[in-house]
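Encoded as structure tokens, the structure appears first; notes follow it.
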Protein chains: 2
Amino acid sequence: MVQKKDGDEAKRRGRPRAYDPEEALRRAMDAFWKSGYSGTSLDDLSAATGMNRPSLYAAFGDKRSLYLKALAYYWQVALGTMRADLAQDRPLADSLMRAYEGALSIYFSGDDRPRGCFVVGTAVTEAMEDAEIRESLMTGFLEFDADFEARFRMARDNRELREDADPATLATLATAVMHTIAIRARSGTPRADLAEFARKAVSAICG
Amino acid sequence: MVQKKDGDEAKRRGRPRAYDPEEALRRAMDAFWKSGYSGTSLDDLSAATGMNRPSLYAAFGDKRSLYLKALAYYWQVALGTMRADLAQDRPLADSLMRAYEGALSIYFSGDDRPRGCFVVGTAVTEAMEDAEIRESLMTGFLEFDADFEARFRMARDNRELREDADPATLATLATAVMHTIAIRARSGTPRADLAEFARKAVSAICG
DNA sequence: TTTTTTTTGTACCATATCGCATAAAATCCT
DNA sequence: AGGATTTTATGCGATATGGTACAAAAAAAA
């Protein structure tokens with residue numbers, strides 16, 4: 001377990017890759033993010049990643065397979081930032097606002113116009129005809145709910161919330177606020193308006 | 001203005017149409033609803049409507065034009081049922097639940113699996129690259145907000161809500177609940193679960 | 001240096017897709 | 001009945017699309 005290191009630096013045998021796999025996956029994700037799954041062609045993906053078709057295929061499999069990898073990568077990033085934001089030791093309302101600010105900076109990232117959430121903006125469309133995507137959405141959303149719920153439960157134990165508050169309901173409400181922000185960001189609502197709404201929503205939910 | 005009637009029954013001059021325009025539009029909408037804009041081909045639309053390509057083209061213009069007509073039609077139906085549900089003279093919570101039940105029966109309509117909201121499930125994806133769709137979303141969502149807000153304002157005047165409740169914030173929250181229901185319906189959450197969540201959300205919002 | 005291994009780049013194939021040209025069909029008007 | 005008018009039906013054509021074959025290139029191993 002010592003001499004081999006992890007395959008990352010291990011000298012591979014043939015011609016070296018001209019791309020960084022994670023960077024390429026990010027760029028492919030960006031392409032899908034912009035135009036959706038069906039609206040993104042292999043030419044688009046090739047242009048976005050700088051890889052030619054056979055390299056794309058060798059690295060990630062076919063188009064659908066590449067999309068699924070992008071989706072998994074997005075979940076990882078989105079859930080990761082959300083957990084980091086909620087984990088900080090702050091009052092409940094601050095904690096929630098952090099989570100929404102974190103989401104907003106994802107939804108408004110990229111040099112193009114605001115693109116919202118990758119999942120809401122692209123995967124939901126495909127969920128109707130692709131069972132694997134559908135299941136990914138179910139579990140992803142439930143994880144969001146669960147993280148929010150844990151935070152609300154903690155707040156109730158800390159007397160930041162009334163005894164009779166229901167953490168599960170509040171959590172789903174909190175996810176709902178995230179969903180509407182994702183939808184509206186992609187539809188052109190200015191970031192400041194969404195941040196303002198998030199503040200008021202947090203007050204309403206916590207108060 | 002008397003003899004001509006509205007062009008509906010007026011004897012047209014050439015070969016009669018073999019289709020009902022509104023029915024055809026509904027079927028085209030169903031096709032888009034299932035696979036999204038980019039994922040639906042003219043062959044799909046032709047099969048769904050029973051019209052051949054040239055007839056489709058003559059009746060609705062090109063693919064994008066047909067999609068825009070379907071989108072407008074959906075807004076009309078969705079806003080219509082929502083207004084009808086909210087207009088009934090009932091206590092606030094009942095009123096809101098009616099609106100959510102109405103939405104659920106749209107999201108779970110069709111003989112296929114649940115398809116959620118046409119707007120959330122298909123138009124949001126295209127909003128990134130199509131300004132006209134983007135604007136349609138903005139105005140549509142704001143109309144939802146406005147209708148909810150009017151209902152909350154009425155409730156506050158009727159003392160069904162506390163004096164210090166903010167109708168605008170509650171309205172956006174109510175739309176947020178609708179959005180999350182739309183997303184989750186398409187992602188496979190059972191209808192009963194969504195109805196249950198709607199009930200709890202309504203309690204939280206009104207209480 | 002030669003061989004082996006892996007990746008790249010060009011080109012290609014079969015099919016899908018969008019849109020339209022053109023002729024046949026069905027109705028109204030004279 | 002015969003011409004005018006509108007819709008339907010078949011099919012074409014240019015391009016886009018997803019996927020792959022094959023040879024050249026670049027590195028390690030022998």
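Any value given below was found using the heavy atoms of this structure, including those in side chains, with hydrogens, waters and symmetry copies removed. Each chain gets a letter, A, B and so on, in the order its sequence line appears, and its residues count up from 1. Worth saying up front: this structure is predicted, and the values here are computed from it rather than measured.
- Summarising the geometry, the separation between OH on B:Tyr67 and C1' on C:dT17 is reported as 19 Å, rounded to the nearest angstrom.
- Proximity of B:Asn52 to the phosphate of D:dA9: a side-chain N or O atom is located under 4.0 Å from OP1 or OP2.
- At the phosphate of C:dT7, OP1 or OP2 sits under 4.0 Å from a side-chain N or O atom of A:Arg17.
- Contact annotation: A:Tyr57 reaches the phosphate of D:dT20 (side-chain N/O to OP1 or OP2, under 4.0 Å).
- Remark: C1' of C:dC12 and CG of A:Leu42 are 15 Å apart, rounded to the nearest angstrom.
- Comment: B:Arg98 does not engage B:Glu101 in a salt bridge, judged by the lack of any side-chain N to carboxylate O separation of less than 4.0 angstrom.
- Between B:Asp43 atom CG and C:dC18 atom P the separation is 8 Å, expressed in whole Å.
- Geometric assessment of B:Lys63 against the ring of B:Phe32 yields a negative cation-pi assignment under the 6.0 Å and 45° thresholds.
- One N or O on the side chain of B:Ser109 and one on the backbone of B:Ile106 form a donor-acceptor pair closer than 3.5 Å.
- Here A:Ser46 lies out of heavy-atom contact (under 4.0 Å) with every strand.
- Residues B:Arg13 and B:Pro54 each lie close to DNA chain D; by heavy-atom proximity, the contact nearer the 5' end of the strand is made by B:Arg13.
- C:dG19 atom P lies 8 Å from atom NZ of B:Lys63, rounded to whole Å.
- Base pairing of D:dA30 is made with C:dT1, judged by Watson-Crick or G-U wobble geometry with both donor-acceptor distances under 3.5 Å.
- Neither OP1 nor OP2 of D:dA16 sits under 4.0 Å from any side-chain N or O of A:Ser41.
- Taking for each of B:Ala18 and A:Asp62 the nucleotide of DNA chain D with the nearest heavy atom, the 5'-most of the two is the partner of B:Ala18.
- The shortest distance between the side-chain N/O atoms of A:Arg12 and the OP1/OP2 oxygens of C:dT7 is below 4.0 Å.
- Tested against B:Trp33 for a ring pair (Phe, Tyr, Trp, His ring centres under 6.0 Å), the candidates B:Tyr67, B:Tyr74, B:Tyr107 yield a single pass: B:Tyr74.
- Residue pairs meeting the ring pair (Phe, Tyr, Trp, His ring centres under 6.0 Å) criterion with at least one partner in residues 166-189 of chain A, sequence neighbours excluded, are A:Phe141-A:His179.
- Within 4.0 Å of A:Ser38, counting heavy atoms only, lies no atom of the nucleic acid at all.
- Atom C1' of nucleotide D:dT17 and atom CZ of A:Arg64 are separated by 18 Å, given to the nearest angstrom.
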